[in-house]
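Just so we're clear, the structure is a prediction, and the values are computed from it rather than from any experiment.
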Amino acid sequence: MGNERVSVNRRIYDMVRRIPSGRVATYGQIASLVGGCSARMVGYAMAGVSDETIPWQRVINARGRISIRDPNGYSLQKAILEREGIDFDESDSVDLSVFGWEGPT
């Protein structure tokens with residue numbers, strides 16, 4: 001079971017690395033692209049990121065919102081995304097039709 005989780009997380013991280021700056025993907029989208037995992041598993045994988053080459057900040061929820069509950073983490077993720085050119089509306093949501101990643105080509 002431990003090796004399975006490492007393998008799934010590795011596939012999640014590899015997919016997330018493909019999201020370009022200025023774009024976002026949803027937890028569910030990453031799960032679908034990777035296969036064999038759920039949106040929740042992607043969330044857990046993102047919460048455990050310590051590798052700076054993984055752009056964890058580019059993964060948000062299906063409503064276009066940041067899911068981090070910690071105010072400091074929320075502010076950090078939003079600030080990084082704004083520096084990458086992502087705009088948030090008055091309800092702190094990202095327009096996925098504008099900033100959403102289409103997936104690997």
Side-chain angles (χ1 to χ4, degrees):
M1 177 81 166
N3 285 341
E4 274 181 39
R5 169 137 328 197
V6 169
S7 175
V8 169
N9 281 0
R10 184 171 294 127
R11 293 191 342 256
I12 291 168
Y13 297 149
D14 288 345
M15 187 60 65
V16 170
R17 281 188 183 99
R18 299 174 78 174
I19 307 168
S21 180
R23 297 285 176 200
V24 294
T26 67
Y27 297 101
Q29 177 186 6
I30 297 300
S32 292
L33 290 167
V34 168
C37 68
S38 66
R40 181 164 286 172
M41 290 170 71
V42 173
Y44 287 134
M46 291 300 95
V49 168
S50 60
D51 180 341
E52 293 181 14
T53 69
I54 302 166
W56 59 270
Q57 74 277 5
R58 296 180 188 152
V59 184
I60 61 176
N61 71 34
R63 294 176 305 166
R65 302 198 65 174
I66 292 171
S67 291
I68 296 175
R69 286 177 173 73
D70 169 58
N72 293 327
Y74 185 97
S75 296
L76 174 63
Q77 185 173 5
K78 184 176 180 184
I80 295 169
L81 289 173
E82 287 177 328
R83 279 197 303 270
E84 291 184 358
I86 304 287
D87 293 326
F88 288 79
D89 66 18
E90 61 283 342
S91 67
D92 262 359
S93 296
V94 172
D95 185 341
L96 294 173
S97 70
V98 174
F99 297 104
W101 180 52
E102 296 291 322
T105 53

*Considering all heavy atoms of both residues, which atom of Gly35 and which atom of Arg11 are nearest to each other, and what is their separation?*
O-NH2, 2.6 Å
_Rounded to the nearest 0.5 Å, what separates atom CG in Leu96 from atom CZ in Arg65?_
12.0 Å
*Less than 4.5 Å apart, any side-chain heavy atom of Phe99 and any of Ile60?*
no
_Please find the pair of heavy atoms, one from Arg23 and one from Gly100, that lie closest to each other, and give the distance._
CD-O, 3.8 Å
*How far apart are the closest heavy atoms of Arg18 and Pro104, and which atoms are they?*
NH2-CB, 3.2 Å
*Check whether any side-chain heavy atom of Pro20 lies under 4.5 Å from a side-chain heavy atom of Arg58, and answer yes or no.*
no
_Using a 3.5 Å distance criterion without hydrogens, assess whether the side chain of Tyr13 forms a donor-acceptor pair with backbone atoms of Ala45._
yes
*Verdict with reasoning, Ile30 to Ile12, per side-chain contact (heavy atoms from CB on, under 4.5 Å)*: CA-CA 7 Å; Ile30 297 300; Ile12 291 168; 4.2 Å; yes
*Answer whether the closest heavy-atom distance between the side chains of Val24 and Trp101 falls below 4.5 Å.*
no
*What's the spacing between Ile66 CD1 and Ser93 OG if we round to 0.5 Å?*
9.5 Å
*Looking at residues at least two apart in the chain, or sitting in another chain, which of them share a salt bridge (charged side-chain N to carboxylate O under 4.0 Å, His left out) with Arg17?*
Asp14, Asp51
Show the atom names and distances, to 0.1 Å, of all donor-acceptor pairs under 3.5 Å that link a side chain in residues 75-83 to residues at least two apart or in another chain.
residue, atom, partner, partner atom, Å
Ser75, OG, Pro71, O, 3.0
Gln77, NE2, Gln57, O, 2.9
Gln77, NE2, Val59, O, 3.2
Lys78, NZ, Asp92, OD1, 2.5

*Between Leu33 and Gly103, which heavy-atom pair has the shortest distance, and what is it?*
CD1-CA, 4.4 Å
*Please name the pair of heavy atoms, one in Ala39 and one in Ala31, separated by the smallest distance, quoted to 0.1 Å.*
N-CB, 3.6 Å
_Heavy atoms from other residues, nucleotides or ligands near CZ of Arg63 exceed 12 (cutoff 6.0 Å)_ = no
_Heavy-atom closest contact (Ile19 atom, Ala25 atom, distance)_ = CD1-CB, 3.7 Å
